[in-house]
Amino acid sequence: MEDSGRRGLTDRVYEEIKALVMDHGIEPGARVGIESLARRLEVSPTPVREALARLESDGLVTKRSQAGYRATELLSVEGLVDLFDMRRLLEPRAAALAAVHATDEQLDHLETTVEGMRSHPVTGERYLVYRRFAALDQEFHDTLAAASGRPLLAQAVQRLHTHLHMFRLNTAPGDALTTVDEHDRVLRAVLRRNPDRAAEAMEQHLSGSWERHIAVMDGNPAKK
C-alpha cells in the first residue's frame with residue numbers, strides 16, 4: 001500500500017510539472033529547481049526528482065552536469081521538418097508491417113485506443129485539458145509500431161514521438177475528430193490485413209498532421 005501511495009504521488013507530481021512545462025509555466029530553456037518545485041507543489045524533493053527523471057526521458061527537460069535541470073528549448077520549424085521527414089520514412093512502413101504481423105490483442109488495443117480518442121476530444125489549449133487525448137494519440141502510434149514485429153523500428157518511432165513533445169503543441173482546435181478519423185482509416189486497413197492501404201492511410205495522416213502543426217506554428221511566432 002505504501003509503494004502504491006508513493007507511485008501515486010510521483011505520478012501526480014510528474015503530471016503537474018509536465019503541465020507547467022507544456023503550458024510554459026516553466027519557460028523553454030529555464031532552470032528547473034528541485035527545491036523550489038517541491039515548495040510550490042507542497043511535497044518533498046524526492047517525488048520531484050523522480051518526476052524530473054521521467055520528464056528527461058520524455059525529452060521535456062535536460063540534466064546537465066553541475067547545472068541541474070532545464071526545460072528543453074522548443075523545436076524550430078527546421079527541427080519539425082526533420083522530425084516529420086523521419087516519421088514519413090518510418091511510420092508508413094510500420095503500419096504496413098502491422099497489417100501483416102499484429103496479434104489479436106494488439107488489434108483490440110488499437111481499436112480501444114481509437115475509441116478512447118473519440119470520447120476524449122480536445123476542448124482547450126492547456127495541457128491539463130488535452131493531455132488524455134495526446135496520451136492516446138501517442139499510444140496509438142506506439143502500439144502500431146510495436147505491432148510491426150520489428151523492435152528497432154518500434155523504438156525509433158517511440159523516440160520520434162518523444163522529440164515531438166519538444167514542439168509542445170496541442171492539436172489545433174477543431175481538429176481532434178479529424179485526427180481520430182485518420183487513425184480510424186489506418187486501423188481499418190490494418191484490421192483488413194492490407195499493408196499497402198495501411199501505409200497509404202498513415203502517409204495521409206502524417207501529411208494532415210504536418211499541415212495542422214504548420215498552420216498553428218504560423219500563427220505563433222514564438223515557435224519559429
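Residues take their numbers from the sequence shown, with the count starting at 1. Just so it is clear, the structure is predicted and the values come from calculations on it, not from any experiment.
- V13 has its side chain within reach of I17: a pair of non-hydrogen atoms, C-beta onward, lies under 4.5 Å apart.
- Between D11 and P47 there is no side-chain heavy-atom pair separated by less than 4.5 Å.
- Not a single donor-acceptor pair under 3.5 Å links the side chain of E91 to the backbone N or O of R88.
- Taking 4.5 Å as the limit, some side-chain heavy atom of Y69 sits within range of a side-chain heavy atom of E56.
- By the 4.5 Å heavy-atom criterion applied to side chains, V61 and T72 are not counted as neighbours.
- Taking the six-membered ring for Trp and thresholds of 30 and 60 degrees, F140 and H183 have nearly parallel ring planes, at less than 30 degrees apart.
- What you find for M117 and F133 is that their closest heavy atoms are CE-CZ, 3.4 Å.
- Listed here is the closest heavy atom pair of A198 and V186: O-CG1, 4.5 Å.
- When all heavy atoms of A99 and A189 are compared, the closest pair comes out as CB-O, 4.4 Å.
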Worksheet item: Can E16 and R12 be said to form a salt bridge (Lys or Arg N to Asp or Glu O under 4.0 Å), step by step?
Response: CA-CA 6 Å; E16 290 183 4; R12 176 177 68 80; 2.9 Å; yes
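- H109 and E139 share a donor-acceptor pair across their side chains, judged by distance under 3.5 Å alone.
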Worksheet entry | Stepwise side-chain contact (heavy atoms from CB on, under 4.5 Å) check, L80 with V77 | CA-CA 5 Å; L80 195 64; V77 173; 5.7 Å; no
Discussion item. Test salt bridge (Lys or Arg N to Asp or Glu O under 4.0 Å) on E200 and R197; report intermediate values, then the result.
Written reply: CA-CA 5 Å; E200 180 184 359; R197 181 63 188 124; 3.4 Å; yes
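- L90 and A156 get closest at one heavy-atom pair: CD1-CB, 3.7 Å.
- Taking all atoms of both residues into account, the shortest heavy-atom contact from A71 to E27 is CB-O, 3.5 Å.
- With hydrogens and angles ignored, the 3.5 Å screen pairs no side-chain donor or acceptor of R70 with any backbone N or O of T62.
- Distance check, rounded to the nearest 0.5 Å: CZ of R188 to CG of L110 gives 10.5 Å.
- Between R212 and T179 there is a side-chain heavy-atom pair separated by less than 4.5 Å.
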Worksheet item: Run the salt bridge (Lys or Arg N to Asp or Glu O under 4.0 Å) check on R118 and D181 step by step: do they pass?
Response: CA-CA 9 Å; R118 200 175 293 280; D181 287 342; 3.4 Å; yes
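- A donor-acceptor pair is defined here as one N or O able to donate and one able to accept, closer than 3.5 Å; such a pair exists between the side chain of R193 and the backbone of A102.
- Residue F84 is tested with H213, H161, H163 for a ring-ring contact (aromatic ring centres under 6.0 Å, His included); the sole match is H213.
- Using a 4.5 Å cut-off on side-chain heavy atoms (C-beta onward), E78 and V81 make no contact.
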Discussion item. Could you walk me through whether L152 and Q155 satisfy the side-chain contact (heavy atoms from CB on, under 4.5 Å) test, starting with their C-alpha distance in whole Å, then the side-chain angles of each, then the deciding distance to 0.1 Å, before giving a yes or no?
Written reply: CA-CA 5 Å; L152 289 178; Q155 290 169 17; 3.9 Å; yes
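- At distances below 3.5 Å, not a single donor-acceptor pair connects side-chain atoms of H205 with backbone N or O atoms of A201.
- A heavy-atom distance below 4.5 Å is found between the side chains of L37 and L20.
- Looking at E15 and Y127, their side chains do bring a donor and an acceptor atom within 3.5 Å of each other.
- Heavy-atom minimum distance, E182 versus G208: OE2-CA, 4.1 Å.
- Inter-residue side-chain proximity for T103 and Q106 is flagged as met; some heavy-atom pair is nearer than 4.5 Å.
- D137 and Y130 share no side-chain donor-acceptor pair at under 3.5 Å.
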